[in-house]
Number of protein chains: 2
Amino acid sequence: MRWDSVGDLNCSVARTLAIVGERWTMLILRDAFLGHRRFDEFQTGTGIARNILSSRLRALVANGILERVKAEGEVGRIEYRLTKKGIDLYPLIVAMLKWGDTWLADEHGPPLTLIHRTCGARTTPVMVCPQCGQHIAARDMVAIPRRPAHHVRRPARGTHRQASR
Amino acid sequence: MRWDSVGDLNCSVARTLAIVGERWTMLILRDAFLGHRRFDEFQTGTGIARNILSSRLRALVANGILERVKAEGEVGRIEYRLTKKGIDLYPLIVAMLKWGDTWLADEHGPPLTLIHRTCGARTTPVMVCPQCGQHIAARDMVAIPRRPAHHVRRPARGTHRQASR
DNA sequence: CGGTATCCCATTTGATACTG
DNA sequence: CAGTATCAAATGGGATACCG
């Protein structure tokens, strides 16, 4: 399968990956969450080549994750800001941050510490079930396909498959 | 900057991306969480080319995320199982699933529903602060670098930078 | 500052065939 | 079943130069 068709799969994970799964893209988003807004900030922050950065920013804007606005006050100043859709990616960043802290940290400990402003605690977000409040463990979750026994099989063009996930 | 050196950055997000940021890799992991264990299951599940799959599986095993075991009972049968380190990636998958459900779903609704076995509820995990129990919003979090004002600047070889994030 | 344009090499990929 | 081997084609990526 071509990567371009991954976004067409009937799977939210695949669709998400098709948009933010590109490696530099997530790094750009990390910077966005750290408050970066300008082209050159992203460039130095991520170390990405300028032409690639340009292309990735354009894609993020096209996908409604960043919005490109002319900054007030200074003329010719452009800012890229996270939209609601973009801000909603925060759990993804946090999940990576946390996993990295847990499994990839060096002897100095986590490079970054998070503080929850509203309660003042130095903390790391955890995933819970909103119904019962318990921590989520992978083994406790069951995934149910939308249409359990109804497999749509398309006429099969080449290696084109459908994945009902 | 070369992508290979991203893993060396002093940033947990970057380090995590260096390992699981590859596009097919996350798709393989999605399948792993859905219970897939065999080479061919992954192959049909993801649609990835066999040689690439082979290479990705090897990397995942090398990184301690999957373990390659000879299945008992059937001879010559290999299984790839999530290790503890791999299972710990679950929040990442869920975060993607949820974002995709929210922002990329078609008119049929989410392709997959999650059920929390322990409480029986059809649910979607949320991120909360373990201290105060409140939902986490990006704006409520502040990130503090480990060594706030101490910037190490290396002799600068080529475009090599350091990012203290 | 905020990009585009271009060049050109390195890597990835997909398909296919083959092996123990 | 679980891969390897091979190879052509596409893509990605870095450097650099240039523009409004």
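Note that the structure is predicted; figures quoted are calculated from it, not measured. Convention: sequence-line order gives letters A, B, ...; per-chain numbering from 1.
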Notebook entry, point to check: With a 4.5 Å limit on heavy-atom distance, are the side chains of Ile136(A) and Tyr90(B) in contact?
Noted result: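 Result yes, sub-4.5 Å side-chain heavy-atom pair found.
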Note to self: Can you pull out every salt bridge (charged side-chain N to carboxylate O under 4.0 Å, His left out) where at least one residue sits in residues 112-140 of chain A? Sequence neighbours excluded, please.
What the structure shows: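 Applying salt bridge (charged side-chain N to carboxylate O under 4.0 Å, His left out) to every pair that reaches into residues 112-140 of chain A, excluding sequence neighbours, yields nothing.
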Check: Which pairs, with at least one residue in residues 45-55 of chain A and sequence neighbours excluded, count as a salt bridge (charged side-chain N to carboxylate O under 4.0 Å, His left out)?
Finding: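 Counting only pairs at least two positions apart or across chains, the salt bridge (charged side-chain N to carboxylate O under 4.0 Å, His left out) contacts touching residues 45-55 of chain A are Asp40(A)-Arg50(A).
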Between [X] ([atom1]) and [N] ([atom2]), how many Å, whole number?
{"X": "Phe42(A)", "N": "dC1(C)", "atom1": "CZ", "atom2": "C1'", "answer": "15 Å"}
{"X": "Glu79(A)", "N": "dG2(C)", "atom1": "CD", "atom2": "P", "answer": "9 Å"}
{"X": "Arg68(B)", "N": "dC1(D)", "atom1": "CZ", "atom2": "P", "answer": "15 Å"}
{"X": "Ile48(A)", "N": "dG14(D)", "atom1": "CD1", "atom2": "C1'", "answer": "11 Å"}

Next item on the list: Not counting sequence neighbours, which residues clear side-chain hydrogen bond (donor to acceptor under 3.5 Å, both in side chains) with Gln134(A)? List them please.
Entry: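 Per chain and number, Gln134(A) pairs via side-chain hydrogen bond (donor to acceptor under 3.5 Å, both in side chains) with no residue.
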Notebook entry, point to check: Residues in side-chain hydrogen bond (donor to acceptor under 3.5 Å, both in side chains) with Ser54(A), at least two apart?
Noted result: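 If we apply the side-chain hydrogen bond (donor to acceptor under 3.5 Å, both in side chains) test to Ser54(A), skipping adjacent residues, the hits are Arg58(A).
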Next item on the list: Give the nucleotide from the list dG14(C), dG3(C), dC1(C) with an atom nearest to the side chain of Trp24(B).
Entry: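 Comparing dG14(C), dG3(C), dC1(C) against the side chain of Trp24(B), the answer is dG14(C).
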Checklist line | Arg77(B) side-chain proximity, nearest of dG14(D), dG12(D), dA2(D) | finding: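 Selected nucleotide: dA2(D).
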Please check the phosphate of [N] (OP1 and OP2 only) for any side-chain N or O of [X] closer than 4.0 Å.
{"X": "Arg23(B)", "N": "dT13(C)", "result": "yes"}
{"X": "Trp3(A)", "N": "dT11(D)", "result": "no"}
{"X": "Tyr80(B)", "N": "dC1(D)", "result": "no"}
{"X": "Arg38(A)", "N": "dG2(C)", "result": "yes"}
{"X": "Arg50(B)", "N": "dG14(C)", "result": "no"}

Check: Using the ring of each side chain (for Trp, its six-membered ring), is His36(B) parallel, tilted or perpendicular to Phe42(B), with breaks at 30° and 60°?
Finding: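 The rings of His36(B) and Phe42(B) sit tilted, inter-plane angle from 30° to 60°.
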Hey, what are the protein-to-nucleotides 6-11 of chain C N/O distances that come in under 3.5 Å?
from, atom 1, to, atom 2, distance (Å)
dT6(C), O4, Asn51(A), ND2, 3.3

Notebook entry, point to check: With a 4.0 Å cut-off on heavy atoms, is Ile52(A) in touch with a base, just the backbone sugar-phosphate, or nothing at all?
Noted result: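 Base, at least one base heavy atom under 4.0 Å.
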Next item on the list: Would you mind classifying the nucleic acid contact of Glu22(B) as base, sugar-phosphate or nothing, using non-hydrogen atoms under 4.0 angstrom?
Entry: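 Sugar-phosphate only.
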Margin query: What's the angle between the local helix axes at either end of the helix from dC1(C)-dG20(D) to dG20(C)-dC1(D), using five pairs per end and rounding to 10 degrees?
Written below: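 About 50° separates the two local helix axes.
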Check: Quick one: side-chain contact (heavy atoms from CB on, under 4.5 Å) partners of Ala95(B), sequence neighbours excluded?
Finding: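 Ala95(B) satisfies side-chain contact (heavy atoms from CB on, under 4.5 Å) with Pro91(A), Leu92(A) once adjacent residues are dropped.
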Next item on the list: Kindly write out the residues that satisfy salt bridge (charged side-chain N to carboxylate O under 4.0 Å, His left out) with Glu22(B), not counting sequence neighbours, or none if the list is empty.
Entry: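 Counting only residues at least two positions away or on another chain, Glu22(B) forms a salt bridge (charged side-chain N to carboxylate O under 4.0 Å, His left out) with Arg56(B).
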Margin query: Apply the hydrophobic cluster definition, ILVMFWY joined by side-chain contacts under 4.5 Å directly or through others, and give me every member besides Val69(B).
Written below: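 Besides Val69(B), the hydrophobic cluster comprises nothing; the residue is isolated.
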Please table the atom pairs, donor to acceptor, closer than 3.5 Å between any side-chain atom in residues 100-113 of chain A and protein atoms at least two apart or in another chain.
from, atom 1, to, atom 2, distance (Å)
Asp101(A), OD1, Ser12(B), OG, 2.4
Thr102(A), OG1, Lys98(A), O, 2.8
Trp103(A), NE1, Asp88(B), OD2, 2.8
Asp106(A), OD1, His108(A), N, 2.9
Asp106(A), OD1, His108(A), ND1, 3.3
Asp106(A), OD2, Arg15(B), NH2, 3.1

Which atom pairs, donor and acceptor, lie under 3.5 Å between side-chain atoms of residues 61-68 of chain A and protein residues at least two apart or in another chain?
from, atom 1, to, atom 2, distance (Å)
Asn63(A), ND2, Ala59(A), O, 3.1
Arg68(A), NE, Tyr80(A), OH, 3.4

Next item on the list: Name every residue in residues 53-67 of chain A that has at least one heavy atom under 4.0 Å from any atom of DNA chain D, in order of residue number, or write none if there are no such residues.
Entry: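 By residue number: Arg56(A).
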Checklist line | From Asp31(A) atom CG to Gln43(A) atom CD, the distance as rounded to the nearest 0.5 Å | finding: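 That separation rounds to 11.0 Å.
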